[in-house]
Amino acid sequence: MDVPVWHASLNQLEKDGKVAVVAIVQDQHPDRARLFLQWKQIGWPTLADSLDLLNLETVPLTLAVDEHGIVRFTELPMSAAKTIEQTFVNQTYPKPAALPPADAPDLPALKAATMRNTAPAWRAYGDALSVWGSGSAWSDVIGAYQRAAERDGGDGLTQFRLGSAFRKRYDSPARQPGDFQDAERHWAQALEIDPNRYIWRRRMQQYGPHLATPEPFFDWIRDARADIASRGETPLALVVEPGDSEYAKPGAGVTAAKLPATEPDARGRIRRDRGEFVSVETAVVPSTAAPGETVRVHLTFRPNLRTKAHWNNEVDELMYWVSPPRAWTTDRRAIVAPNAPTAVSQEPRMVEFEVKVPDAQEPGAAAVAGYALYYVCEDVNGVCMYRRRDVSVPLQVSASQKTTKR
Amino acid sequence: MRTSVSWLLFTAVSAAALGAGAAGQPKPKPIWARNAPLPHGFNAGEAFPTIALPSAADGRPVSLAAFRGKKVIVNIFASW
């Protein structure tokens, strides 16, 4: 990713107040775009379109909009500011007879319109809630889109927005079990309906298995943080850190010396944690795979806050051992989630790995087993113990090779 | 998002087209848009959507209509 070539040309015009630049980002996590702009020392106001409310197929896109809100150009020249200044900035454009009003939807009226129980009414209500609703409105947004989808299952936009809303809720304090998997399921459905949507495709890919040539979605973040810090600034904190799937080159993190060469608890002797201390959530991207295809498994381990369970960071890290079924292959058997720098902590710990479905696998439900080993402490100043948490990751094997390439 | 190769491609196509647009003559669609039409409100001569989007900084709704009275370059992209 790089700064647009016209940025330098427009810089002085912006400073002179002759033109404004507004960024609209299509990220699921728009704060990452803000970090990029901080890195490049660009101060554009930035709006977030995580749900593709603008209904765009692809990015990037640059438009020149006149003082009345009318689009004048859909591209900008590469040449110097003089061209832009002459052909756009210094032009005087006629005021249209009528201008669309600024968007300030009547939420009660939109809600009342849902009484008609049509897909468009529910989607319009969901769209408005996603922007104008309160901070805890993601459940309401999801509910509205679900009703729209029930009435029109063939609308890709509703499916994509529903998936993005589930992922928004997953990343919020209002998270519900299964939100991440539900997000993937609806994105997959959206792509099935319209496979030409580049933005939707990238949304799936960023959480999915590494492609033949791993995609550097957010590898730039490492450089950005180092450069920003070297300037004496504090890099903007991200709400959600990218996972391994979002890097072409995941961080070195743990050395090979910390990974066990053989199964660490083959005889199952470590005491089990059945959820009293740590819960686990699974998500598979894609959740349905054909024989021969690869899926990416996301596991999230969360200390039970109700019992004040917390990680003990003064000992070994959480280690996850993958036990795939016979003939299934995985990119690695052992994965380690690093400790936090403090002595104790309660942050969720994420583990990702990839599994390939055997060519001869029969269609139907399948599961990939594994277990985590970790040190967890109970309550404040409570007992610390070493526990094993067994995990079964469900996925569906389809009957044939998918026609829609991910 | 890929590097500035994609930026160079469509901005290079537009140099002559920008002059044609200023003279009022129709300009050809860029290569990338010929099979992927832009929705209403994103084409020359159309009113840009006034739909509000949340500010990435604080989540408050902001509409492009708030920038009326000033010429605006709208840069739509993704940080991947």
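What you are looking at is a predicted structure, and each value in this text was computed from that prediction instead of being measured. Side chains are part of it too, since the values below use all heavy atoms of this structure and drop only hydrogens, waters and symmetry mates. Below, chains carry the letters A, B, ... as their sequence lines are ordered, and counting in each starts from 1.
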Start with the C-alpha gap between A/Val71 and B/Val74, add the side-chain angles, then the distance that decides, and say whether side-chain contact (heavy atoms from CB on, under 4.5 Å) holds. CA-CA 10 Å; A/Val71 176; B/Val74 181; over 6 Å; no

Under 4.0 Å between a Lys/Arg side-chain N and an Asp/Glu carboxylate O for A/Glu67 and B/Lys71? yes

Applying the side chain to side chain contact (heavy atoms under 4.5 Å, CB included) test to B/Leu53, which of A/Val22, A/Leu51, A/Leu54 qualifies? A/Leu54

B/Leu38 versus A/Leu61: any side-chain heavy-atom pair under 4.5 Å? yes

So, do B/Ile73 and A/Thr62 sit near enough that their side-chain heavy atoms are less than 4.5 Å apart? yes

For chain A, the option from B/Gly59, B/Ala57, B/Pro49, B/Gly41 that forms the most heavy-atom pairs under 4.5 Å: B/Ala57

Spell out, as yes or no, whether a donor-acceptor pair under 3.5 Å connects the side chain of A/Trp220 to the backbone of B/Ser79. yes

Interatomic distance, CZ@B/Phe77 vs CG@A/Asp27, rounded to 0.5 Å, equals 7.5 Å

Could you tell me which portion of A/Gln206 (side chain, backbone, both or neither) has an atom closer than 4.5 angstrom to a non-hydrogen atom of chain B? side chain

Relative to chain B, which segment of A/Leu35 carries a heavy atom at a distance below 4.5 Å: side chain, backbone, both, or neither? neither

What I'd like to find out is whether the side chain of B/Leu64 reaches to under 4.5 Å of the side chain of A/Val65, using heavy atoms alone. no

With chain B as the partner, which of A/Ile70, A/Leu236, A/Asn196 has the greatest number of non-hydrogen pairs under 4.5 Å? A/Ile70

Gap separating the CD1 atom of B/Ile51 from the CG atom of A/Asp49, nearest 0.5 angstrom: 7.0 Å

Where does A/Arg34 contact chain B at under 4.5 Å (heavy atoms): side chain, backbone, both or neither? side chain

Which atoms of A/Pro96 approach chain B - backbone, side chain, both or neither, heavy atom under 4.5 Å: neither

With chain B, which of A/Asp31, A/Ile199, A/Asn55, A/Leu56 has the greatest number of heavy-atom pairs at distances under 4.5 Å? A/Leu56

Between B/Pro54, B/Ala66, B/Ala47, which has the largest tally of heavy atom pairs under 4.5 Å with chain A? B/Pro54

Point-to-point distance, once rounded to the nearest 0.5 Å, from NZ of B/Lys70 to CG of A/Asp66: 14.5 Å

